[in-house]
Amino acid sequence: MKTQILIAAIFFSGLTFAQEKKSDTLKTKSIEGVTLTKQVFKKQSDRFVYDVAASPVTKGNTTFDILKQTPLLSSTDDKTLKIAGKNNALIYINGRKSNMDADSLVQFLKNTPAENIQKIEVITVPGSEYQVESSDGIINIVLKKKMSDGLSGNMRMSNSQNKFNGSNASFSANYRKDKLGISANLSGGENIQGQSYVLRNGNDLSSNESVGDINDPNKNLGGYLNVDYQLNDNSNLALSWNTWANKSYNSTVDLFNTIRYYDEIKKEYVTNYTNSRNKEDARSYNNSVNLNYELKTDSLGSKLNVNAAYLNYKRFQFTDNKTYLANSSGNNTDLSQTIYQDLPQIINNFSGTVDYIQKFKNDFTVSVGGNYNKTKTDNDTKNDTYRKNAVLPLEPEEHQPNHFVYDENIYGFYMTFEKKFSDKFSGKVGARYEITSSLGTADAPLNDEPTMRHQEIKRNYNNFLPYASFNYAINENNNISYSFSSRMRRPSFWEINPVRNILTENNYTQNNPFVKASSTYNQELTYMYKSSYFLILNHSYFKDQITQVPLQGYPVSPNGTVGEQNVLRYIRTNFGDKQEMSAMLGIQRSFFKQYLTMNFNAGIQHNINNGTLAQDPTTGDTFVDKEGNPLVYSNSVKSTSIIIQTNNTLRLDKKKTWFLGVNYFYVDKQQIELGMLKSLMSLDLSLKKNWNDWTFAVNVTDVLRTNVVEIEDFQDNGNYNYVKNDQFRRGMTVSITYNFGNQKVKKVRDIEGASDAIKSRTR
């Protein structure tokens, strides 16, 4: 619902450890058990490698649980995984990105056990061969080999209690016979996402405050089917289909608004009260199919990989936004305004990738490849406003249909060279060249200018993106490495869809079709000692950062008309430049004969923000205060914050059947695009019992109820903005998992879909 834009997209996008989303970027498939005999964590060329073999905490754990205990990985919302110092984490299996829909990924990670993992690779600065954006990192899970034919699977059921009760269930099966492999999964669930808000903005002369709840019911059903056939000893053909559906009917917004302003004639403050009563019905569907062909060209591992894919995404959203006049007690007195919004979005994408890897006997590898993405989005939106005692026909600003169509073509080419010069020194260099051409058209102007200059929006740009990494093993116990990468971050398709998501009469978010791609430059220096202790220094520079910016005041249209009400608009736009620097110390070890397994990280992050915005780019409006003085939003504040994160597992018995988990994170206050984000922390506890093929688990999250977002901003011009959002993260989940069949079944070959890079830009 609209809360995803105000919180998930705004606040957590600037937070190092807090995570959203957004996203469609974590992708994986069903994974079976993990065991760990010794813990080896080392740096190899462009990645950290965590060898997994016979862990005391493995049996019955989900894939999600195992990944949270991997060095450099964390989850602060128990929904998404994050690499320390990175905006996002993409999950690969055996070097291939999964073709799974992101919304279903959390269900699969939590509902499937992990049994066949050999090692986990954390690629903090991906090479040129990877299609990633911004400062995204990659988690590559390498599965065990020498697995026999047969059938295996698992069933999992869970029930969660936060503010509301929710339930989930999942069934997955893997079958292999000779040359044929089939993998399938079906999962579903329902829950109500409850949130509470306190929103304040204004200045000494006028202010708005909104307090209340937002409840968003969701029903989900999805799954995947993968078929992999070995044509001969050197070639494979695979077909993957992923589907996911979400239904969110009767989502409600219930906010009590206090509007206060200074009356110059009466020389006193006047206070008015309203209630925002919004109702939303939405449903979305995501289907993708990918055909893959792989040909091994020699015994050294050289191969050709070809993918062709189609992705179809549909979202239908209808909102009924009502504003009631109210008294000081919050009781409705009269209906003031109704806004009906019909906000559909349809995305179709055709994609293709070709990759060739040539390996030589002298530890030299050359990789070349290319990709093509053609995307078309269709957004036929309608926005009708009915005011009290309105007289037909409606004024133009009261009836606003707009059919916005966006076409985009992306061509990408890359080449990388990797060389192991000796047992101590290795390096990798490469580059990507990307060509982007896009055209957005609207059948209605996006502002009041008669020239309708916003009718057509063209974007054509080319980008050269270099990459380099070097690794040096000083001796058996000491290792040092350096990486540099340049990336693009294109706006998500919903970000450029020119619609308003209304929260209250005077408070809404505004998407922006004029947002352009941003550039990111990442550097990382790493030192490791005895494969257990590490120091990581990161620096990321974001040019033309894509974010949401709060513009508030009395809007002045391009023709000079001044609005009668003080408003707050969260505008999606390019907002100057940003730098993030961090220093992280960590340890990954087992103590007391593996009764205690510890993953601990602590560090400092320094943020430098540098952006200003004076005009709404979608309407051309500027903003003034009550006295007519121009208002500009600026953020040039620096901040330094402390970050602590630890995951600990205690084995409670000799038979390795009882386990206690104690996880904690703390993020100090830090400056993000919207202001100062106050400190966050969470203590999570878990208790697990393994019994034959059954696993029983209880997880309690945010025990101390400290994971609540508060953000505050004060401008030099007197404007202030405050948001408090409680997503009721404290809760309990009880789960039962049952494994059946041959647990040594060879996994279906996991394929990177050609449309995966596009999926991350849908909702």
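All values below were derived from every heavy atom in this structure, side-chain atoms included, with hydrogens, water molecules and symmetry-related copies excluded.
- Counting all heavy atoms, side chain and backbone alike, Lys516 lies closest to Ile546 at O-CD1, 3.6 Å.
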Next on the checklist: For a salt bridge (charged side-chain N to carboxylate O under 4.0 Å, His left out) check, start with the C-alpha distance between Lys279 and Asp281, then their side-chain angles and the critical distance, and finish with the verdict.
Outcome noted: CA-CA 7 Å; Lys279 178 179 176 294; Asp281 291 337; 3.1 Å; yes

Next on the checklist: With side-chain hydrogen bond (donor to acceptor under 3.5 Å, both in side chains) as the criterion, how do Asp577 and Gln579 come out once you've worked through the C-alpha distance, each side chain's angles and the decisive distance to 0.1 Å?
Outcome noted: CA-CA 7 Å; Asp577 302 334; Gln579 295 186 67; over 6 Å; no

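- Applying the 6.0 Å contact sphere to NZ of Lys458 captures no more than 12 heavy atoms from other residues, nucleotides or ligands.
- The distance from the CG atom of Asn286 to the NZ atom of Lys314 is 11.5 Å, given to the nearest 0.5 Å.
- Around atom NZ of Lys163, more than 12 heavy atoms belonging to other residues, nucleotides or ligands sit under 6.0 Å away.
- In this structure, the side chain of Asp407 does not engage the main chain of Ser438 through any donor-acceptor pair within 3.5 Å.
- Rounding to the nearest 0.5 Å places CG of Asn201 at 4.5 Å from CG of Leu568.
- Because its NZ or CZ atom is both nearer than 6.0 Å to the ring centre of Tyr249 and within 45° of the ring axis, Lys247 counts as a cation-pi partner of that residue.
- Residues Leu503 and Ile214 form a side-chain contact, since some pair of their non-hydrogen atoms from C-beta on lies under 4.5 Å apart.
- To the nearest 0.5 angstrom, Tyr720 atom OH is 7.5 Å from Asn203 atom CG.
- In this structure, Asp716 places its CG atom where only 12 or fewer heavy-atom neighbours from other residues, nucleotides or ligands lie under 6.0 Å away.
- Pairing each heavy atom of Arg459 with each of Val515, the nearest pair is NE-O, 4.1 Å.
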Checklist entry - Can Glu280 and Ser251 be said to form a side-chain hydrogen bond (donor to acceptor under 3.5 Å, both in side chains), step by step? => result CA-CA 5 Å; Glu280 176 184 286; Ser251 297; 4.6 Å; no

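- The ring-ring contact (aromatic ring centres under 6.0 Å, His included) contacts involving residues 251-273 comprise Phe256-Tyr273, Tyr262-Tyr269, where partners must be two or more places apart or lie in separate chains.
- For the residue pair Thr441 and Glu456, the shortest heavy atom distance occurs at CG2-CG, 4.2 Å.
- Residues Thr619 and Ser557 form no side-chain contact, since every pair of their non-hydrogen atoms from C-beta on lies 4.5 Å or further apart.
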Checklist entry - Stepwise, does the side-chain hydrogen bond (donor to acceptor under 3.5 Å, both in side chains) test hold for Arg500 with Thr509? => result CA-CA 6 Å; Arg500 294 177 179 178; Thr509 63; over 6 Å; no

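- The aromatic ring centroids of Tyr313 and Phe493 lie 6.0 Å or more from each other.
- Look at Asp320 and Lys322 and you find a salt bridge, because one of the NZ, NE, NH1 or NH2 atoms lies within 4.0 Å of a carboxylate O, short of that distance.
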Checklist entry - Would Thr274 and Ile259 satisfy side-chain contact (heavy atoms from CB on, under 4.5 Å), going step by step from the backbone distance to the final call? => result CA-CA 8 Å; Thr274 64; Ile259 302 98; 3.7 Å; yes

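- One distance of note links CE of Met488 with OG1 of Thr520; it measures 8.0 Å at 0.5 Å rounding.
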Next on the checklist: Apply side-chain contact (heavy atoms from CB on, under 4.5 Å) to residues Arg705 and Asn707 and explain how you reach the verdict.
Outcome noted: CA-CA 6 Å; Arg705 207 169 187 275; Asn707 196 358; over 6 Å; no

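- No more than 12 heavy-atom neighbours from other residues, nucleotides or ligands sit within 6.0 angstrom of CD1 on Ile604.
- Taking CZ of Arg489 as the start and OG of Ser518 as the end, the distance is 6.0 Å to the nearest 0.5 Å.
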Item to check | Check against side-chain contact (heavy atoms from CB on, under 4.5 Å), Leu674 and Asn721 | outcome: CA-CA 9 Å; Leu674 292 180; Asn721 186 28; 5.5 Å; no

Checklist entry - What's the verdict on salt bridge (charged side-chain N to carboxylate O under 4.0 Å, His left out) for Arg569 and Asp621, showing C-alpha distance, side-chain angles and the deciding distance? => result CA-CA 11 Å; Arg569 301 179 187 175; Asp621 291 350; 3.0 Å; yes

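- Applying the side chain to side chain contact (heavy atoms under 4.5 Å, CB included) test to Asp204 and every residue at least two apart in sequence or in another chain returns nothing.
- To the nearest 0.5 Å, atom CG of residue Asn208 and atom CG of residue Leu199 are 10.0 Å apart.
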Checklist entry - Could you walk me through whether Glu408 and Tyr406 pass the side-chain hydrogen bond (donor to acceptor under 3.5 Å, both in side chains) check? => result CA-CA 7 Å; Glu408 180 184 80; Tyr406 179 76; 2.9 Å; yes

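- In summary, the aromatic rings of Phe728 and Phe164 are positioned with their centroids too far apart to meet the 6.0 Å limit.
- In this structure, Ile608 and Met581 approach most closely via the heavy-atom pair CD1-CE, 3.5 Å.
- Around NZ of Lys626, the count of heavy atoms belonging to other residues, nucleotides or ligands within 6.0 Å exceeds 12.
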